[in-house]
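Here the structure comes first, spelled out in C-alpha cells, and everything after it is commentary.
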Amino acid sequence: MQNMKIVIVFLVAWMSGTAHAALDIQSWTLENGARVLFVESRTLPILDVSVEFDAGSRRDPAGKAGTASLTNAMLARGIEPAPGSAGGPAMNEAQISNAFADIAARRSGNVGNDRGGMTLRTLASPENRNRAIMLMARLLAQPSFPEALLDRDKARVVAAIKEELTRPESIANRAFWRVLYAPHPYGSNATPESVQAITREDLVAFHKKHYVSNRAVIAMIGSISRAEADATARALTSMLPSGAALGSLPPVPVTVRQEERVAHPASQSHILMGAPALERGDPDYFPLTVGNYILGGGGFVSRLMHEVREKRGLSYSVYSYFLPMEQQGPFEVGMQTQKAQTDVALDVARRTIAEFMNTGPTQDELQAAKDNLIGGFALRLDNNLKILENIAVIGFYDLPLDYLKTWTQRISQVTADDVMRAFRRKIGPERLATVVVGAE
C-alpha cells in the first residue's frame with residue numbers, strides 16, 4: 001500500500017510538471033487589434049482554435065434577451081457571397097456542414113454571459129487547415145442570417161424555453177439570477193416573448209457591433225509553428241471590420257438577504273442561495289477556491305455535505321461554488337430536499353456557512369483541500385480542448401500569461417486567515433439571497 005501511494009504521488013507530480021512544461025503560451029496582438037494566444041503542441045496532428053468576442057448575453061439589447069445566442073447560432077446557417085472573387089460563393093446551411101465534414105473538421109458555437117464566439121478542430125496539415133480556417137473566417141465575417149431559418153431557430157428556442165419553465169431546477173436557476181442581478185444584464189433571461197421580438201435586423205446589428213477584429217481573442221493549440229499561427233490568426237480576422245468602443249455596463253447591485261418562494265408540484269424543494277461575489281482576476285480567487293472546497297465544493301469531505309446529508313439526511317447532495325465573471329459572478333449553494341424539510345435544511349445550510357465564516361477552516365481541512373486541488377490540477381489540462389478553454393479565458397479576461405504555471409503555487413500559499421478574510425469580503429449571511437421552488 002505504501003508503494004502504491006508513492007507511485008500515485010509520483011504520477012501526479014509528473015503530470016503536473018508535464019502540463020506546466022507544455023504550456024508555453026505565446027501571445028501577440030495583430031495590427032487590427034486582435035489578440036492571439038498560442039501553444040505549440042506536436043503530440044497530435046490537429047489544431048484547435050477558438051475565436052471569441054465581447055458578445056455574450058450581457059450585451060443583449062433591452063427587451064430582446066436571446067439576441068446574442070441567436071446571432072451566434074445563425075452564423076452557421078448561411079454565408080453571403082464575398083465581394084470580388086477571392087472570398088468565395090454563397091453557401092447554405094447544408095453546404096457549410098458538408099464543407100466541414102469533407103475535411104474532417106468540427107465547428108461549434110458558444111455563448112456565455114460574457115463571451116461569444118466559435119471553436120474549430122481541424123487536421124493540422126496545410127491543405128485541411130487552410131480550408132477549415134477560411135470557412136470559419138467566412139462564418140464569422142459574412143453570415144447571411146436567412147429569414148426562414150431564423151424563424152425556425154426562434155421556434156426551437158421558444159419551445160425549449162417553454163419546456164424549461166416546467167422544470168423546477170430551471171425555474172430556480174432563472175429566478176436565482178434575476179434575484180441576484182436584476183436590473184443588471186446578468187439578471188436577464190430569454191423568454192418566449194423576448195425571443196419572438198428578435199428580428200433579422202437585430203442579428204445583423206448585433207453582429208456588426210460585436211463581431212469585430214479589434215475585440216477578437218484568438219486562442220490556438222496544435223501542431224503548427226508560431227509563424228503558421230500568426231498567418232492563421234490573420235486569416236481568421238482579415239474580413240472582420242473594426243468596431244467602436246462599447247459602452248460600459250452598470251455595476252452589479254449589492255444583494256441583501258431576501259427569500260423568494262415559488263410554488264411547484266414537484267415532490268422536492270429546489271433551493272439556491274448566493275450572492276454576486278467574484279470577478280475574474282480578483283486575487284481573492286485562490287483563497288475562495290480553497291475555502292469553497294472545504295465548505296461545499298469538495299463533495300463528501302465538505303462541511304455542507306457533512307452537516308446536511310451525513311448527519312441529518314436532509315438532502316442527497318449539496319454543493320457550493322464560485323463562478324468568476326467579468327463583473328462579480330455568483331457564489332451559489334444548491335440542494336434539493338423534501339418539501340416538509342425545506343426550512344430545516346435552509347437553517348442548517350445557513351448556520352454551516354455562518355460558522356465557517358466565523359471560525360474559518362481547520363489546519364487539517366486547509367491542508368487536505370490544498371493537496372486535493374494541487375493534485376487534481378493536471379486533470380484541468382489533460383487534453384487540448386481543456387487547454388484551449390483555459391488559454392481563451394486568459395486572453396479574454398486579460399489574466400497573466402503565467403496564470404496556469406503559477407496556479408498550484410498560489411493555492412499552496414493560501415492560509416486559513418486568507419480564506420476567512422476573502423469570504424468575509426465577498427459574501428456574508430446578510431447578503432445571501434435564497435430561492436426556493438416547490439416549497440409548501
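FYI, side chains are in, hydrogens and waters are out, and symmetry mates aren't considered; it's all heavy atoms of this structure. The chain is numbered in sequence order, starting from 1.
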[X] side chain near [Y] side chain, heavy-atom distance below 4.5 Å:
X    : Y    : result
I224 : R129 : yes
N113 : E326 : no
M74  : D153 : yes
T434 : Q258 : no
M91  : L135 : yes
L288 : F331 : no
R42  : S225 : yes

Quick check on [X]: does its [atom1] atom have over 12 non-hydrogen neighbours (other residues, nucleotides or ligands) under 6.0 Å away?
X    : atom1 : result
R152 : CZ    : yes
E127 : CD    : no
K386 : NZ    : yes

Could you check whether [Y] and [X], counting side-chain N and O atoms only, form a donor-acceptor pair closer than 3.5 Å?
X    : Y    : value
N110 : E52  : yes
T119 : S108 : yes
Q367 : D371 : yes
T199 : D202 : yes
E365 : Y293 : no
W177 : N189 : no

Assign the ring pair [X] / [Y] to parallel, tilted or perpendicular, where the plane angle (0 to 90°) is split at 30° and 60°.
X    : Y    : result
Y211 : F53  : tilted
Y181 : H184 : tilted
F286 : Y403 : tilted

Self-check item: Close aromatic pair by centroid cut-off 6.0 Å: F145 and F206
Solution: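 Ring centroids of F145 and F206 are no less than 6.0 Å from each other.
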
